Amino acid sequence: MNRLDAIPAHPLSRRRFLTATAAVGAGALLSACGGGSSPANPGASAPAEPAADTYDGPSVELEFWNGFTGGDGPFMKQLVDQFNAEQDAVSVRMTVMEWADYYSRLPAAVTSGRGPDVGIMHLDSLSTNAARNVIMPLDDVATALELDSSDFADAVWSAGEYKGQRFGIPLDVHPLGFYYNKTVLEEAGLDPEAPPMDRASYEDALEALKSAGISGHWMSPHAFTGSMTLQSLIWQFGGSLFSDDGTEVLWDQDPAIEALTWMVDAIHDGYSPSDVGQDADAIALQNGQAAFNWNGIWHMNSLNEVPDLEWGVAPLPNIGGTPAAWAGSHNFVMTTPRSPDDNKLNAARVFINWVSRQSVDWAKGGQVPARTSVRESAEFAELTDQATFAEQVDYLRFPPAVPGIGDAFEDFDQALNEAVLLTKEPADALRSAAERAAKKLEENRNRFGE
């Protein structure tokens, strides 16, 4: 598919997703890592001068941390190497570690003055780290780079703000999409080039597959990828996970109950096995045991490695009536320095701007560029699978920018697990989980002084 296909690519494995989300959601863990103190100069922001395209100061070395340990890592390394080759006075040293280690090490490193100059952070962890002064506001950086909402999808751009200040510069979005096995569809008498895209046609296809002895869509009871599926369905049915300000849990309301019931009914109706193991839904598609799989953009790289597999990808089918899809996003951040160095701050801004403009090369590793000008380029259009995922960019959803909001997803995932494993009715599972999560949100408001 691209010139680096020889590199095994799986940007977000199930294990890395689980450890990363566990880390970013653990407000208590982040608090403990900081030792109860905050970096010096809280709330500082980078200077607005000089120009964003070039750096004319003395030689500096920037520390750049990220968790790109999978197949996406070589793509980022190539970008960093190219940037270094083009610079006379700026050198970037990239340090890569597992996401869980990254999020646990970062607060203490910043507090002690040994943190990176630039980092990558998942969108749903920005507010927690901003509240603890681990990362600094980037409004001046965005202004200097002439970045605003006009060159980004509204949802990902606005989600990078906390308390009226910008803390993240979006690099990408990585959405959920609809994978289908063309061979399996054809065996069931369905058109392999026309996958079902609404509820009626989707359920008709599942029935046809069932008649052919195939469980069409394996419903995962696990956070990866069942939680992503359920979140997408809740939004499609017109619901929300939280209130806009993140103070209320809303997944105990009718749209969420209807969404989870749809997943559970697929099991009752024989469209899915009743006890799907971790990753078994993805493996079933590869092995011809299932026709459909809702999975992330990163999964295309795994499918490309399966010999003779005839597969396709499309935006998520609209089951509930409202177009919506789960997505994550990597953002550039700058950590709060103990002793601000204007030269490093200016050089970091140049580096962020350069990578953002080159993000079509990052997309080749299995991402959708956040920057609209890159996403609408002819070069990106040639990446047909990534471009298919990008069709969803205007209706991707992200959680509210509230510190520690990831803690609540532990209860959401438990409700999913209980219902899909048929140990609790969907309404009961969601309501009890919402009660527990609401208490966590209140505790976090007190912890972070919200």
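Computed from a predicted structure; not experimentally measured.
- Between Glu310 and Glu186 there is no side-chain heavy-atom pair separated by less than 4.5 Å.
- Among all heavy-atom pairs drawn from Val393 and Ala153, the shortest one is CG2-CB, 3.6 Å.
- Side chain of Thr69 to backbone of Glu98: no donor-acceptor contact under 3.5 angstrom is found.
- A donor-acceptor contact shorter than 3.5 Å is absent between the side chain of Ser227 and the backbone of Asp413.
- The two residues Leu209 and Gly216 make their nearest non-hydrogen contact at CD1-CA, 3.8 Å.
- The side-chain heavy atoms of Phe380 and Arg371, taken from C-beta on, include no pair separated by under 4.5 Å.
- Note that CZ of Phe389 is 11.0 Å distant from CD of Gln367, once rounded to the nearest 0.5 Å.
- Looking at Asn353, its side chain never comes within 3.5 Å of a backbone N or O of Arg349 through a donor-acceptor pair.
- The two residues Leu126 and Gly160 have their closest heavy-atom pair at CD1-CA, 3.9 Å.
- Here the CD1-CG distance, from Ile120 to Asn331, works out to 8.0 Å after rounding to the nearest 0.5 Å.
- A donor-acceptor pair is defined here as one N or O able to donate and one able to accept, closer than 3.5 Å; such a pair exists between the side chain of Arg338 and the backbone of Thr111.
- For the pair Val313/Met300, no side-chain contact is recorded, criterion being any heavy-atom separation below 4.5 Å from C-beta on.
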* Could you check Gln253 against Phe237 for side chain to side chain contact (heavy atoms under 4.5 Å, CB included), going step by step and ending with a plain yes or no? => CA-CA 11 Å; Gln253 297 183 358; Phe237 278 101; over 6 Å; no
* To do: Apply the test side chain to side chain contact (heavy atoms under 4.5 Å, CB included) to residues Lys77 and Met94: give CA-CA distance (whole Å), side-chain angles for both, the deciding distance (0.1 Å), then the verdict.
  => CA-CA 8 Å; Lys77 182 180 185 303; Met94 187 170 79; 3.9 Å; yes
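- The side-chain hydrogen bond (donor to acceptor under 3.5 Å, both in side chains) test with His330 is passed by exactly one of Asn66, Asp172, Asp72: Asp172.
- Looking at Met136 and Pro337, their side chains come closer than 4.5 Å, going by heavy atoms from C-beta outward.
- The backbone N or O of Ser125 sits nowhere less than 3.5 Å from a side-chain atom of Thr128 that would complete a donor-acceptor pair.
- Checked against Phe292 for a ring pair (Phe, Tyr, Trp, His ring centres under 6.0 Å), the options Trp311, Tyr180, Tyr202 give a single hit: Tyr202.
- Checked against the 6.0 Å centroid criterion, the rings of Trp298 and Phe224 qualify as a close aromatic pair.
- Looking only at distances, a side-chain donor or acceptor of Gln236 sits under 3.5 Å from a matching main-chain atom of Pro317.
- Here the closest heavy-atom approach between residue Leu441 and residue Gly246 is recorded as CD1-O, 3.6 Å.
- Side chain of Trp99 to backbone of Gly67: a donor-acceptor contact under 3.5 angstrom is found.
- Judged purely by atom type and a 3.5 angstrom limit, Tyr179 uses its side chain to pair as donor or acceptor with the backbone of Gly296.
- For CG of Asp244, the number of neighbouring non-hydrogen atoms (other residues, nucleotides, ligands) closer than 6.0 Å is 12 at most.
- When all heavy atoms are compared, the tightest approach of Ala401 to Tyr162 is O-CD1, 3.6 Å.
- Rounded to the nearest 0.5 angstrom, Asp139 CG and Gln165 CD are separated by 5.5 Å.
- Residue Gln82 qualifies as enclosed at atom CD: its count of foreign heavy atoms under 6.0 Å is above 12.
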* Under the side chain to side chain contact (heavy atoms under 4.5 Å, CB included) criterion, do Val80 and Phe351 qualify, and how do the steps go? -> CA-CA 9 Å; Val80 170; Phe351 172 64; 4.1 Å; yes
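- Side-chain polar atoms of Arg447 and Asn444 form a donor-acceptor pair below 3.5 angstrom.
- The CZ atom of Phe398 sits 9.5 Å away from atom CG of Asp124, with the distance rounded to the nearest 0.5 Å.
- A 4.5 Å side-chain heavy-atom check between Pro400 and Thr247 finds every atom pair outside the cut-off.
- Proximity of the aromatic rings of Phe64 and Phe83 is defined here by a centroid distance below 6.0 angstrom, and this criterion is not met.
- Side-chain contact between Arg397 and Leu241: absent, with no pair of heavy atoms (C-beta onward) separated by less than 4.5 Å.
- Donor-acceptor pairing under 3.5 Å is recorded for the side chains of Ser373 and Asp151.
- Considering only heavy atoms from C-beta on, Val374 stays 4.5 Å or farther from Trp362 through its side chain.
- Phe242 and Phe409 have their aromatic ring centers within a separation under 6.0 angstrom.
- A donor-acceptor pair under 3.5 Å is formed between the side chain of Arg166 and the backbone N or O of Trp157.
- Distance check: Gln286 CD to Asp281 CG gives 10.0 Å after rounding to the nearest 0.5 Å.
- A 4.5 Å side-chain heavy-atom check between His299 and Asn293 finds at least one atom pair inside the cut-off.
- Here the side chain of Glu63 pairs no donor or acceptor atom with the backbone of Asp117 at under 3.5 angstrom.
- Checked by atom type, the side-chain pair Trp354/Glu86 shows a donor-acceptor distance below 3.5 Å.
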* Evaluate the side chain to side chain contact (heavy atoms under 4.5 Å, CB included) criterion for residues Lys344 and Leu62: first the C-alpha distance (whole Å), next the side-chain angles of each, then the deciding distance (0.1 Å), finally the verdict. => CA-CA 7 Å; Lys344 281 196 170 187; Leu62 299 177; 4.1 Å; yes
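- Note that CE of Met219 is 10.0 Å distant from OG1 of Thr225, once rounded to the nearest 0.5 Å.
- Of all the heavy atoms in Ser220 and Met263, the pair that sits closest is O-CE, 4.3 Å.
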